[in-house]
Q: 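I have a structure I would like to understand better, so I am pasting it below and will then ask my questions one at a time.
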Amino acid sequence: MRITVAGTGYVGLVTGVCLASKGHQVICLDVDEEKVKTMQQGISPIYEPGLSELMQESMENLTFTTDYAGAYKNAEVIFIGVGTPEKSDGSANLSFVYQVAKQIARTAENNCVVVVKSTVPIGTNDKIEQYIHDKQVHDCKIYVASNPEFLAQGTAVRDTLHASRIVIGTDEKYAADILMQVYEKFDAPKITVGRRSAEMIKYASNDFLALKISYVNEIANLCETVGANVEEVTLGMGFDKRIGDYFLNAGIGYGGSCFPKDTKALSWLASFNDKEIRTVKAAIEVNDSQKLKLIKKARKYYDDFLFLNIAVLGCTFKPGTDDLREAPSLVNVPLLLEDGARVRIWDPVGTENFKKQVPNEKIQYCGSIEEAITDADICFIFTEWKDVCDFDVTKYQKLMKRPIVLDGRNCYALDQFEGTGITYGSIGRKTINDTEE
Ligand SMILES: NC(=O)c1ccc[n+]([C@@H]2O[C@H](COP(=O)([O-])OP(=O)(O)OC[C@H]3O[C@@H](n4cnc5c(N)ncnc54)[C@H](O)[C@@H]3O)[C@@H](O)[C@H]2O)c1
C-alpha cells in the first residue's frame with residue numbers, strides 16, 4: 001500500500017521502517033530538513049537498537065521528504081506520528097497534530113485513512129475528522145482512525161514488529177479493513193474498538209504502568225525504613241499472576257516522553273471534566289519526589305557539593321535510547337552544578353543530547369566509566385546501562401577519592417559490596433558500609 005508517515009521521531013520513523021520492511025511503499029515526512037537529509041543517506045537520526053539495520057534493508061521501499069503536498073497527495077493511508085508534548089498546564093499540545101491535519105485537508109486527493117498514532121486526549125480523533133472535513137479542498141473521502149502506539153524506546157523495533165496488541169479505533173468498516181491490510185503481516189493480536197475507547201486505552205495503559213512504578217517506589221522507600229529488601233518483596237509479589245512480575249523494579253522514578261506527560265494529560269482531562277483521578281495524581285507526586293531520592297541520600301555524606309568531583313553514570317531516561325526527555329539526570333545534574341560541584345558524566349549514547357540541554361562548562365564528558373569515577377567524591381547512577389551493571393565494582397574503591405556509590409537503578413547485588421570499603425546506597429535496600437562524615 002502507499003503509506004505516508006508524518007513525523008519521523010521514535011514512533012514515526014520506527015513505524016515507517018517496520019511498514020516498509022513488510023513490503024509497503026512508505027514516505028516518511030518531517031519538517032526537520034537536517035533529519036530528512038540524514039535519513040536520505042540511510043542513517044537513522046535516533047538511536048534505537050536494530051533500527052538502522054532494518055532501515056538499510058528496507059531502503060527500496062522508503063522515501064524521506066519534507067514535501068508534505070507530494071507526500072499526502074496520493075497516499076492510501078497517512079499515519080500521524082508527530083509529538084504531543086505537555087503544555088504548561090499539563091494538557092497535551094495538539095498544535096503539531098492539527099498542522100498535519102490542515103496540510104492533509106489541503107493536499108490529499110485520494111480516498112484515504114488518516115491514522116492517528118500520536119497520543120491524543122479522548123475525543124481528539126472526532127475533532128480532527130471534523131476539522132479535516134471542514135477544510136478539505138479535494139473531492140475525496142477521508143476517514144480518521146485511532147491507532148495508539150505502545151512501543152517502548154530501547155525495544156521499539158521489536159515492540160512494533162511483534163506488538164503486544166494492535167488497537168484499531170474506528171466505527172467505519174472501510175477504515176478497519178484498510179488497517180487490517182496494513183497490519184496483515186504483523187505478528188500481533190488485533191482488536192477493533194470505538195475511537196474514543198482506543199484513545200482511552202493508550203492513556204489508561206500508560207498511566208497504569210506509571211502507577212505501578214510509583215507504587216513500587218513507595219513500597220521501596222518504606223522497605224528502607226522498616227528494614228525489608230524491595231527486591232525480595234517484589235520477587236514474592238511477582239509470582240501472583242494478578243500482579244505480574246513486570247514493572248516492579250524500584251528506582252529513582254520514571255522519565256521519558258510518555259509516562260510523565262500522559263499522566264499529567266489524563267489528570268488535566270479529568271479535572272477539565274470536573275472529575276479527579278486521584279490515583280494518577282498520586283503517581284505523579286510520588287515520581288516527582290522520587291527523582292530527588294539520591295541527592296537526599298547524598299546529603300547524609302556531604303552538607304553541600306561545593307568543589308566536589310561528582311561522577312554521573314548514565315543520563316538517558318533508560319538504557320537503549322539516547323532520549324533524555326524527563327530523565328532524572330536533567331533534574332539532578334543542574335542541582336549539583338548549582339551547588340558548585342564539578343560533574344563528570346559517562347553515558348554511551350546520551351551525552352550529545354545532554355550537552356544541548358544542559359550547556360555548562362563545569363560538566364566534563366567521559367569516554368569510560370573509569371574516567372568518570374577517577375578521583376570522584378561520590379558517584380550517582382541514573383541509568384542501568386549494561387556497562388554499568390557489568391562493571392567490576394572493586395574499581396570504585398581503587399579509583400574514587402571517596403568510594404560512595406548511590407545507585408538509582410539497583411544495578412548491583414548487595415553482596416558485591418559486602419567486605420569492601422565502598423559505601424553503596426540503592427533504592428529500597430539497606431545501605432552497605434554506611435558511613436557519615
Ligand atoms: N516515544 C515513545 O516511546 C512513544 C511511545 C508511544 C506513543 N508515543 C506518542 O507518539 C507521538 C510521537 O512521539 P515521538 O516520541 O515519536 O515524538 P518525537 O518528538 O520524537 O518526533 C516527532 C517528529 O514529528 C516531526 N514533526 C512535527 N511537526 C510535523 C509536521 N507538521 N509534519 C511532519 N513532521 C512533523 C518533528 O520534527 C519530529 O521529528 C507522541 O504523541 C507520543 O506521545 C511515543
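Along the sequence shown, the residues carry numbers beginning at 1. Keep in mind the model is a prediction, meaning the values are calculated, not measured. Counting convention: from 1, in listed order, for ligands and their atoms alike.
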Q: Thr170 and Ala175: which non-hydrogen atoms are nearest, and at how many Å?
A: OG1-CB, 3.7 Å

Q: Would you mind checking which non-hydrogen protein atom is closest to atom 35 (C) of ligand 1, with the distance to 0.1 Å?
A: Val82 CG1, 3.4 Å

Q: Which protein heavy atom lies closest to atom 24 (O) of ligand 1, and at what distance to 0.1 Å?
A: Gly7 CA, 3.4 Å

Q: Return the closest protein heavy atom for atom 25 (C) of ligand 1 as residue, atom name and distance.
A: Asp30 OD2, 3.3 Å

Q: Name the closest protein heavy atom to atom 19 (O) of ligand 1, giving the residue it belongs to and the distance to 0.1 Å.
A: Arg325 NH1, 3.4 Å

Q: Closer than 3.5 angstrom, by distance alone: can the side chain of Lys117 be matched with the main-chain N or O of Val5 as a donor-acceptor pair?
A: no

Q: Looking only at distance, does Thr84 have an N or O less than 3.5 Å from an N or O of ligand 1?
A: yes

Q: Which protein non-hydrogen atom lies closest to atom 10 (O) of ligand 1, naming both residue and atom, and how far is it?
A: Val11 CG2, 3.4 Å

Q: Name the closest protein heavy atom to atom 1 (N) of ligand 1, giving the residue it belongs to and the distance to 0.1 Å.
A: Gln153 OE1, 2.7 Å

Q: Please say whether Lys202 places an N or O atom under 3.5 Å from an N or O atom belonging to ligand 1.
A: no

Q: Would you sort out whether Asp134 and Gln130 count as a side-chain hydrogen bond (donor to acceptor under 3.5 Å, both in side chains), showing the intermediate values?
A: CA-CA 6 Å; Asp134 289 348; Gln130 192 59 53; 3.1 Å; yes

Q: Measure the shortest side-chain to side-chain distance between Lys395 and Glu370 over non-hydrogen atoms and say whether it is less than 4.5 angstrom.
A: yes

Q: Quick test: of every protein heavy atom, which one is nearest to atom 22 (C) of ligand 1, and how far off is it to 0.1 Å?
A: Gly83 N, 3.6 Å

Q: Please determine whether a side-chain nitrogen of the Lys or Arg among Asp323 and Arg325 lies less than 4.0 Å from a carboxylate oxygen of the Asp or Glu.
A: yes

Q: Atom 30 (C) of ligand 1: which protein heavy atom is closest, and how many Å away?
A: Val31 CG1, 3.5 Å

Q: At what distance, to the nearest 0.5 angstrom, does CG of Leu330 lie from SG of Cys315?
A: 8.0 Å

Q: Given Lys35, Lys117, Glu34, which one has a non-hydrogen atom that is nearest to atom 39 (O) of ligand 1?
A: Lys35

Q: Below 4.0 angstrom from a heavy atom of Glu149, which ligand 1 atoms are there? Numbered from 1 as shown, please.
A: 6 (C), 7 (C)

